[in-house]
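In what follows, chains are A, B, ... by sequence order, proteins preceding strands, each numbered from 1. Quick note: numbers below take in every heavy atom, side chains included, and nothing from hydrogens, waters or symmetry partners.
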Amino acid sequence: MISTKYAPQEIESKWYQYWLENKFFASKPDPEKEPYTIVIPPPNVTGVLHMGHMLNNTIQDVLIRKARMEGKEACWVPGTDHASIATEAKVVAMLKERGIEKKDISREEFLEYAHEWKDKYGGIILDQLKKLGASCDWDRTRFTMEPSLYDAVIETFVRLYNKGQIYRGVRMVNWDPLGKTALSDEEVIDKDIQAKLYFIRYELVGETGKYLTIATSRPETIMADVAICVNPTDERYLDFHGKSVKIPLLGREIPVITDEYVAVDFGTGCLKVTPAHDLNDYELGLKHKLPVIDILNDDGFLNEKAVLYVGQDRFAARRNIVKDLEEAGLLEKMEEYKSIVKTSERTGAVIEPKLSLQWFLKMEELSKPALENVMNDNIKLYPHKFKNTYRSWMENVHDWCISRQLWWGQQIPAFYLQDGTIIVAKTKREALRKAQHELMLFALTEEDLTQDPDVLDTWFSSWLWPISVFDGIKNPENEEINYYYPTNDLVTGPDILFFWVARMIIAGYEWRDELPFKNVYLTGIVRDKQGRKMSKSLGNSPDPLDLIQQYGADGVRSGLLFSAPAGNDLLFDEKLCEQGRNFCNKVWNAFRLVKGWTISESNERKPESELAIEWLNSKISQTITEVQDHFSKFRISDALLSLYNLVWDDFCSKYLEIIKPGFEQPIDKATYEATIGIFEKLMCLLHPYMPFITEEIWQALTDRTQGATICHAEFPKEGAVNIDVLADFEILFDLVSKIRETRNAKQISPKTELPLSIKAEDQGRYKQLEGIIRKLGNTSEIDFVSSNVEGAISFVLKSDEFFINLAGELDVEAELENAKKELEYNLGFKKSTEAKLANERFVANAKPELVERERQKLADADAKIKALEEMIVRLGGK
RNA sequence: GGUUUCAUAGCUCAGCUGGUUCAGAGCACCUGCCUUACAAGCAGGGGGUCCUAGGUUCGAAUCCUAGUGGGACCA
């Protein structure tokens, strides 16, 4: 006995095991087959599966499974990235627990711990993907810090440096005082905060008691001030031009300068210029050739240059200086002020704009082909609206700060001589050789070279991902890269369109002079019911594995996709998973029904079954066309919905009800076999979405050989569509609905047979369907009549009239009212159609088939009106 | 502030190059059913000024303009 409820847990682990053992997902270049490649957006190695991963990996799996079934050489490459700052933070925390400080151990020791951490926890997220059913080629699992990918990064650095695309320079960077590293703009999150604006008095030099008041949100930086700037047109301050003021408490004298940059209407119109601690001030400082005084250490504490508050944290210093200014009577007032503060994505620390020596990649030239090939649709973004965003980014691209003050990552292959000369080479040995030969420093030894201690930004690894996973940087002509590259589709979130997707495109054109992928599918962001982004810190995200446990992987996958239109955010509700689970259960029960039948030996076959098979096959063909169309537009969700309706409504509610034999009756062999074939087809169609249940059922529908799998079964192709049968069945189902409606309205038990009479021109249509009508509507034998049936409930479909003769059940008033309402509607409809057809401009301008359709509609309406009028007369109305 | 995008049923959304296959789907809701695969189910039903105001057109949910209100990106 098969359980009435589908129990996914065992089935899922059983089949996943089977798939792995048989290496169904393994791929190798096969010139006979068309390649279809997806590289996974490598999740952060410290990560655990979250809802966003589930969504985009489900989509990837749907795409790759479908391609595999379509006979393509499908290759889905999994892997993780090393996430330098996040991982380093984890490792530091792990060491702390063991009582070890990072500063007390060597770089080599630290990296050993880091690898230890990675080996222990780094595979978690990949194992979770297996639970989801992901059909990755696991033998190809890559990691951005593994030797091959590490070397590729080093090689690209050297090559770009030699091309003059990489330089070292002092720049204002986003400094994370907690992580003690520079961050790229993309790793910085703006947060709205309620800040205070402090109005501080600067005394004029030589004019005691005369002040300039500036407004600042960062009073602790006044010790780094090098000027006060006013707008030259600001009449309030004309007298102050060229004079000097004293920094409060400190007493250092700084000049008052003028620049158009200063907004007259913000604060007091006086701007304190602090080049070391503000990007705009820095640029202003450059323009006016002002000195730079940096009063902060790497950890955000004030240094000796501050003179005051030395050794205090920047926030403590702020509190103290406000107090002291107040006591000195130099704090005029404070105002509430809505502002944004930049914080580190990884550590959460407030970012400090800081001048520092960093490595940069010039982006202007490199990004040109990447912009062009997206704008001309060589690479297509789905949905297309992201093209605009992409363009505005790429047209305003800044040089990329690629160095990070960390240990976990690819160490920058730059070596310094004692005099500061930089030699960039893959290894120390090569750098030495270069120094010896190019600089004629033959006496030099490796000891004289010091490697730059910094590592490269993680994105400087992952931008090579579609190439480096196939070893295409170091061996650009190898078989794999030539076969699998360019990859087909990339599926990721819009939040990393710029700092990952765009850079992969750049890398693609730079290294292979070719696009890295043809389509970029941008998923929505998974939000909770209130529209908030799901995040660990908010605690509003369900644990994906719990969901899988509860609803089954197939249920969660289809549930997620039910409401995941491309690029639109998805408001996640567990109800969706429930719907997915229920769908699995429905399919399961259909399977139970079919497998429970006994098969009759006779060759007799019911004509209605034959018709139903013809109809369903046409319906399936139509749906396949629809599904393929949806896929071509990356409308994964719509494709699923089409299949959902096909399986639930057409197959279960209609087809199976039609062919279902009576209680304890056998089914004829031909119908049974056709049904098994159809069931198999439906499982194949659903398999990309619901891999487990479809495998389970597919395996059990007929005898399978060892090593067979639905994963490699053919994805069904559309067959013939019989339009006549489809039209007949449409009327059939309308009629059945009407009968059931009548039954419901009159509160008649479904077990009671209803007497049905039909008055129709074309009786043949109904005669061939009689068996089905009787079965689905539970009617008696159909009585074909040529005149009206007195005292019967009646309704009109197209131009045909139907009567259900229920003695004493006819509510003349109600019937009359209904008929009149329907007549009114049809008259209105006829009028508007006539008006349309009477309009010369419509007939002249509209497409001919459209006009023809309108004429047909008019004819149908006429017939229906005639029938309704007769009915009204019969009921005693006029 | 700039750029961009969206507004359709109680909720989440679909609706392509304008045309009754245009006002739809799923969920929720209401009514009746433990009917022999399935109550995680079956049968049926109600529900919308397509944000507002103009315009283009024979015809507008769809195209244009403005407004209102959300989102995203950038500053």
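With no hydrogens or angles considered, no side-chain donor-acceptor pair links A:D734 and A:S737 at under 3.5 Å. There is a side-chain donor-acceptor pair under 3.5 Å between A:T675 and A:Y655. A donor and an acceptor atom, one from each side chain of A:E626 and A:S642, are located under 3.5 Å apart.
Put simply, A:K586 has a side-chain N or O that comes within less than 4.0 Å of OP1 or OP2 on B:C42. OP1 or OP2 of B:A37 sits under 4.0 Å from a side-chain N or O of A:K660. One finds a side-chain N or O of A:S737 lying less than 4.0 angstrom from the OP1 or OP2 phosphate oxygen of B:G44.
Shortest non-hydrogen contact noted between A:V627 and A:A639 is CG2-O, 3.9 Å.
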Watson-Crick and G-U pairing of RNA chain B, under 3.5 Å, as dot-bracket with | and [ ]: (((((((..((((.....[....)))).(((((.......))))).....(((((..]....)))))))))))).

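Across A:R581, A:E574, A:Q579, a single residue satisfies side-chain hydrogen bond (donor to acceptor under 3.5 Å, both in side chains) together with A:Y551, and that is A:E574.
Checking B:G15, B:U5, B:A37 against the side-chain heavy atoms of A:R592 singles out B:A37 as nearest. The side chain of A:N744 lies closest to B:G44, out of B:A37, B:G44, B:A28. Of the listed nucleotides (B:A14, B:C27, B:U5), B:C27 has the atom at the smallest distance from the side chain of A:Q579. Closest to the side chain of A:N582, from the set B:C38, B:G44, B:A40, is B:A40.
Rounded to a whole Å, the CG atom of A:N645 is 12 Å from the C1' atom of B:A14. Between A:N388 atom CG and B:U3 atom P there is a gap of 12 Å when expressed in whole angstrom units. One interatomic measurement links the two molecules: CZ of A:F651 to P of B:G41, which rounds to 17 Å at whole-angstrom precision. If you measure from atom CG of A:N589 to atom P of B:U36, you get 13 Å, rounded to the nearest angstrom. In this structure, CZ of A:F591 is placed 15 Å from P of B:A37, rounded to the nearest angstrom. Put simply, CZ on A:R581 is 13 Å from P on B:C27, counting in whole angstrom units. When rounded to the nearest whole Å, the span between CZ of A:R635 and P of B:A14 equals 8 Å. Between the CG atom of A:L640 and the P atom of B:A25 there is a distance of 17 Å, given to the nearest Å.
Nucleic acid contact class of A:W648 (heavy atoms, under 4.0 Å, all strands): sugar-phosphate only. Counting any heavy atom pair closer than 4.0 Å across all strands shown, A:C584 reaches no nucleic acid atom. Here A:R740 lies in heavy-atom contact (under 4.0 Å) with sugar-phosphate atoms only.
Ion pair A:R218/A:E352 flagged as a salt bridge, since at least one NZ, NE, NH1 or NH2 atom sits closer than 4.0 Å to an Asp/Glu carboxylate oxygen.
Nucleotides of RNA chain B nearest to A:F583 and A:E657 differ in position, and the one nearer the 5' end is that of A:E657. Toward the 5′ end of RNA chain B lies the nearest nucleotide of A:W597, the other residue of the pair A:F733 and A:W597 mapping further downstream.
For A:W615, the ring-ring contact (aromatic ring centres under 6.0 Å, His included) criterion is met by A:F729, A:F733, not counting sequence neighbours.
With a 6.0 Å radius and a threshold of 12 heavy atoms from other residues, nucleotides or ligands, A:E730 has its CD atom at or below the threshold.
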